[in-house]
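So the structure is just underneath, and the comments pick up after that.
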There are 2 protein chains.
Amino acid sequence: MHVRTLCLGALALGDASGYEIKKLFEDGVFSHFSEASFGSIYPALTKLTDDGLLTCQAHSQEGRPDKKVYSLTDLGRAAFQEALSQPIQADKYRSDFLFCLIFANQMPTLRVSEILDNKLKELKEEHNRIEAEGIVPNTPSSDLVKEFGAHVTLSMIEFLEENRLRIEALGCETGACLSTPCEAVG
Amino acid sequence: MHVRTLCLGALALGDASGYEIKKLFEDGVFSHFSEASFGSIYPALTKLTDDGLLTCQAHSQEGRPDKKVYSLTDLGRAAFQEALSQPIQADKYRSDFLFCLIFANQMPTLRVSEILDNKLKELKEEHNRIEAEGIVPNTPSSDLVKEFGAHVTLSMIEFLEENRLRIEALGCETGACLSTPCEAVG
DNA sequence: AACTTCATGTAACGAGTTACATGATTAT
DNA sequence: ATAATCATGTAACTCGTTACATGAAGTT
């Protein structure tokens, strides 16, 4: 999904500035399953406005650049509906953690524990963040999406905690595998 | 994680050609949490060989291009160990499904059912693929990574099935929301 | 003092995907 | 016949990130 569509979606939740949209992707509803940076949001907003999908109102402020608040036009709303009716791309899950875990037998046990702990910490933080989030106004499904996220992160945490010993047992003795794989030793 | 590192990892499981490495990312162990295309694998392999991290043996075949089988050198093995000891990037989960679900109230109920069914089908197929996979030789942790994947996909399937009615109830009446958001109606 | 938040915008750069080029073999 | 599998490689292109430019106000 292009940043342009993501912006359209953000604005379908209510008028907002580029800065505020960024926050939605950083801390808000969207942060758990999508991403966008300033460098892509601002040009997208400009393009969308040029194409007539958005209107822009500049609110002048003291000591700061004008706050440019964008709103969907009817054309923009229609374009977003159109995007919503399009086939949906399969989800993408990229995990360097799992990739590395495949090679646990080539790592010192201490390192395995370390990455496990880091992962658990990350997962718990995300779980807490999801639970702490308020539901989004005018968006009854934000509640459901929240529950989904909480359910899945919890399920990961449970698995990793239940299998902690098994995972740590995969590592090899310290020093023995720093430059040669265990399978090639002896 | 760069394609170069991913290739190093693939070769740490055993010698392979570019084509075979691609398969690991398409159907194999890595397919559930990483990705790489021919257009990135082949150049990476060439670069890695130039840098002395890999050696390459060409096996001539009839009616086909030489099969170039790559192996890790000691330098390559060390480079991979080094990569493994580096801080691990946080996982990325990108879901157009969840993004769209946030706007379920702006979709006809039929459309909501459709995307739910598609998602469930996708999830079940992935779950079956994980269960059907054999463990990777010399890689005791592949079993664990398999279990993790099976556990998580199952947990998603369960949530979506248990909440099917609630999710479908989010949609709006057919026709009423094709070009205007429900919240703006009435 | 130093850092974070608010606020917008651009340009260079990175990294990978898509599509093309080529072509025999095997399965449906 | 038609499609999939095997097999490698390149070039154009897409898309987005990172870093920079600018700067006031508030917080630690």
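So that the names make sense, note that chain A is the first sequence line, chain B the second, and so on, each numbered from 1. Worth knowing before you read on, the calculation uses all heavy atoms, side chains too, and leaves out hydrogens, waters and symmetry mates.
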Requested in this report: Kindly determine whether Glu147(A) and Arg166(B) satisfy salt bridge (charged side-chain N to carboxylate O under 4.0 Å, His left out), including the steps that lead there.
Outcome: CA-CA 12 Å; Glu147(A) 283 175 46; Arg166(B) 257 178 87 203; 2.9 Å; yes
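- At whole-Å resolution of the value, CZ in Arg4(A) and P in dC15(D) are 7 Å apart.
- Phosphate proximity of dA7(D) to Gln61(B): present, with a side-chain N or O under 4.0 Å from OP1 or OP2.
- Residues Glu26(A) and Lys23(A) are not paired through a salt bridge, judged by the lack of any N-O separation under 4.0 Å between the basic side chain and the carboxylate.
- To the nearest angstrom, P of dC6(C) lies 15 Å from CD1 of Ile21(A).
- For the segment residues 33-52 of chain A, the set of residues with a heavy atom within less than 4.0 Å of an atom of DNA chain D comprises Ser37(A), Gly39(A), Ser40(A), in numerical order.
- In this structure, Met1(A) atom CE and dC15(D) atom C1' are separated by 15 Å, rounded to whole Å.
- Between the C1' atom of dT25(C) and the NZ atom of Lys67(B) lies a distance of 15 Å, rounded to the nearest Å.
- Which of dT8(C), dG16(C), dG9(D) sits closest to the side chain of Tyr70(B) comes down to dG9(D).
- Distance Lys92(A) NZ to dG16(C) P: 13 Å, rounded to the nearest Å.
- Ion pairing between a basic and an acidic side chain is recognised when a charged N comes within 4.0 Å of a carboxylate O; Glu168(A) and Arg164(A) show such pairing.
- Put simply, CD on Glu161(B) and CE on Met156(B) are 14.0 Å apart, with the number rounded to the nearest 0.5 Å.
- Close to dT8(C), at under 4.0 Å from its OP1 or OP2, lies no side-chain N or O of Lys68(A).
- Listed pair Tyr19(A) / dT8(C) fails the phosphate criterion, with no side-chain N or O lying under 4.0 Å from OP1 or OP2.
- When distances run from any side-chain atom of His2(B) to the nucleotides dA7(D), dA7(C), dA15(C), the shortest one goes to dA15(C).
- Thr139(A) contributes no side-chain N or O that, together with a main-chain N or O of Ile135(A), makes up a donor-acceptor pair within less than 3.5 Å.
- Aromatic ring centroids of Phe33(A) and Phe97(B) lie 6.0 Å or more apart.
- In this structure, the side chains of Ser37(A) and Ile41(A) stay at 4.5 Å or more apart for every pair of heavy atoms.
- With dT8(C), dT8(D), dC6(C) as the choices, the nucleotide that has an atom nearest any side-chain atom of Lys23(A) turns out to be dC6(C).
- Looking only at atom types and distance, the side chain of Glu133(B) has a donor-acceptor partner in the side chain of His32(B) under 3.5 Å away.
- Between the CG atom of Asp66(B) and the C1' atom of dC6(D) there is a distance of 13 Å, rounded to whole Å.
- Going from atom CZ of Arg94(A) over to atom P of dA15(C) covers 17 Å, rounded to whole Å.
- One end of the helix from dA1(C)-dT28(D) to dT28(C)-dA1(D) points its axis 50° away from the other end's axis, with each axis taken from 5 pairs and the angle rounded to 10°.
- Per the geometry, CZ belonging to Arg64(A) stands 8 Å off P belonging to dC6(C), to the nearest Å.
- Between Tyr19(A) and Lys67(A) there is no side-chain heavy-atom pair separated by less than 4.5 Å.
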